[in-house]
Amino acid sequence: MAIATTPRGYIERPRPSGLADVIDVILDKGLVIDAYVRVALVGIELLTIDARIVIASVDTYLRFAEAVNRLDIAEDGSSQGLPELIERMESGGAESKTKGALEGVKDKLFGEDDDDGGDGGKQERSKTRARSRSSSGSSSSRSRSSRSSGSRSRGSKNNK
Amino acid sequence: MTAAAQHSVYVYGVVSAAECGSLSLTGVEGAEVRKVEHAGLVALVSAVSGGSLTAAKEVRAHWHVLDEACGTTTVLPVRFGTVMESDDAVRAELLEPNAERLELLLREVSGRVQLNVKGEYDEERLMREVVMGSAAVAELRARLKDLPDEAGYYERIRLGELVAAEVGNRRATDTRLALETLEPLSLAVKEEELRQADSAFNLAFLVDRDGLDAFGRGVSGLAKQFGERLELRYVGPLPPYSFSDVELSSEAAWA
């Protein structure tokens, strides 16, 4: 895949988007129609595990504090949360740093072709990262973007 | 409604009938993508069985259909997971009541694409800069370094807050630089929310297809200015997701 990044990269041409690059855009943007049918999107929370980090939160502060504290330490085995999850899910791509690893996580999720609904184990793992989200198993199409579209919760018609 | 016997339909996006050629695309649940037309507007849809969709699988289909459609025409993407009751409902509750709005939006984005430019810090480098650049951070860090984790909980939060404020300043500066460079090369820009603690900025630009090369040179120049400090991710061309981010009303009297 052609990758447009710095500093390694060739950047004048955009990267032909991979799904992982645009997942947040796809989940959060676009026309919203208030009359659409409520359809259950099974496993939607798995898609958003890294898309809901609250920038100003105690978690972030602790993370930053940890990051500055370990500056001079070459190997720190006490990392928790994100790195731990990434390790467990095994990055697919060999890109550097968390970003590459995160995409590994996402590719893994998106690469699945079978039904995710019954995969309780995976959902459980994703919860370590989904603290700020209230994930509720198979959620409706609305509950996933509570922040950006509270207004979507009205005017629906049931399918059946 | 009389449409009860019809299939529910998954809705991908809206295009102008004048610009929309023939399609051969497979969508959600492997169904064929069709056109539902009303007064010059076309909704791209496919039949769904109703009930539930597996998000991880179908988001790929959604993305693929819009990506392909964007290659040949200007498409207004509809939010992922949108299902309507029938073709009739697509006409009566989407295309008809919103015709004016949709036509206006289509005109705004016609011949244009979205390009996303994200900046991401190298966290270690960023933290080093912050510690070197802020006496308050350096001092508190030195004080906390030897304390056990439990002892300094609130002070560690305080340290994190100080770091976050410094990071915030850098974000503001770097966002300004990115905008100064790229905004003049684009028709519109949206600042999107940041997703990760080491994000610097996440910008969506609306660019004429003809202006892609010039924009790319701008991104390249920007990358040089940021150097090793910040990694740029330049993604696209995309359908104008961020510039179609509006809520439409069905205004269906019988609904």
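In what follows, every heavy atom counts, from backbone to side chain, and hydrogens, waters and symmetry copies are set aside. Protein chains get the first letters and strands the later ones, always in sequence-line order, with residue 1 at the start of each.
The part of B:V14 that comes within reach of chain A is its side chain, from C-beta onward, which places non-hydrogen atoms under 4.5 angstrom from that chain. Contacts of B:V131 with chain A are made by side-chain atoms alone, with heavy-atom separations under 4.5 Å and no backbone atom involved. For B:L102, the part lying near chain A is the side chain, with the backbone staying farther off; criterion is any non-hydrogen pair under 4.5 Å. Contact annotation for B:L105: only side-chain heavy atoms (C-beta onward) come within less than 4.5 Å of a heavy atom of chain A. Using a 4.5 Å cut-off between heavy atoms, B:I157 touches chain A through backbone and side chain atoms alike. Contacts between B:E192 and chain A at a heavy-atom distance below 4.5 Å involve the side chain alone, from C-beta outward. When heavy atoms are compared at a cutoff of 4.5 Å, B:Q114 approaches chain A solely by way of its side chain, counted from C-beta outward. B:H64 does not touch chain A: none of its heavy atoms, backbone or side chain, sits under 4.5 Å away. Contact annotation for B:V167: only side-chain heavy atoms (C-beta onward) come within less than 4.5 Å of a heavy atom of chain A.
The minimum heavy-atom distance linking A:I26 with B:R79 is given by the pair O-CD, 4.4 Å. Of all heavy-atom pairs spanning B:V207 and B:S186, the tightest one is CG2-CB, 4.0 Å. Between B:R171 and B:S199, the shortest heavy-atom contact is NE-O, 2.7 Å.
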Practice problem: Dump the intermediate steps for salt bridge (charged side-chain N to carboxylate O under 4.0 Å, His left out) on B:K190 and B:D245, then the final yes or no. | Solution: CA-CA 11 Å; B:K190 299 241 161 135; B:D245 196 31; over 6 Å; no
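Put simply, CG on B:L95 and CG on B:L41 are 5.5 Å apart, with the number rounded to the nearest 0.5 Å.
In terms of non-hydrogen atom pairs under 4.5 Å with chain A, the most contact-rich of B:Y10, B:F226, B:Y241 is B:Y241.
Using a 30° and 60° split on the angle between ring planes, B:F80 and B:H62 fall in the perpendicular class, above 60°.
Using a 4.0 Å cut-off between charged nitrogen and carboxylate oxygen, B:E161 and B:R158 count as a salt-bridge pair.
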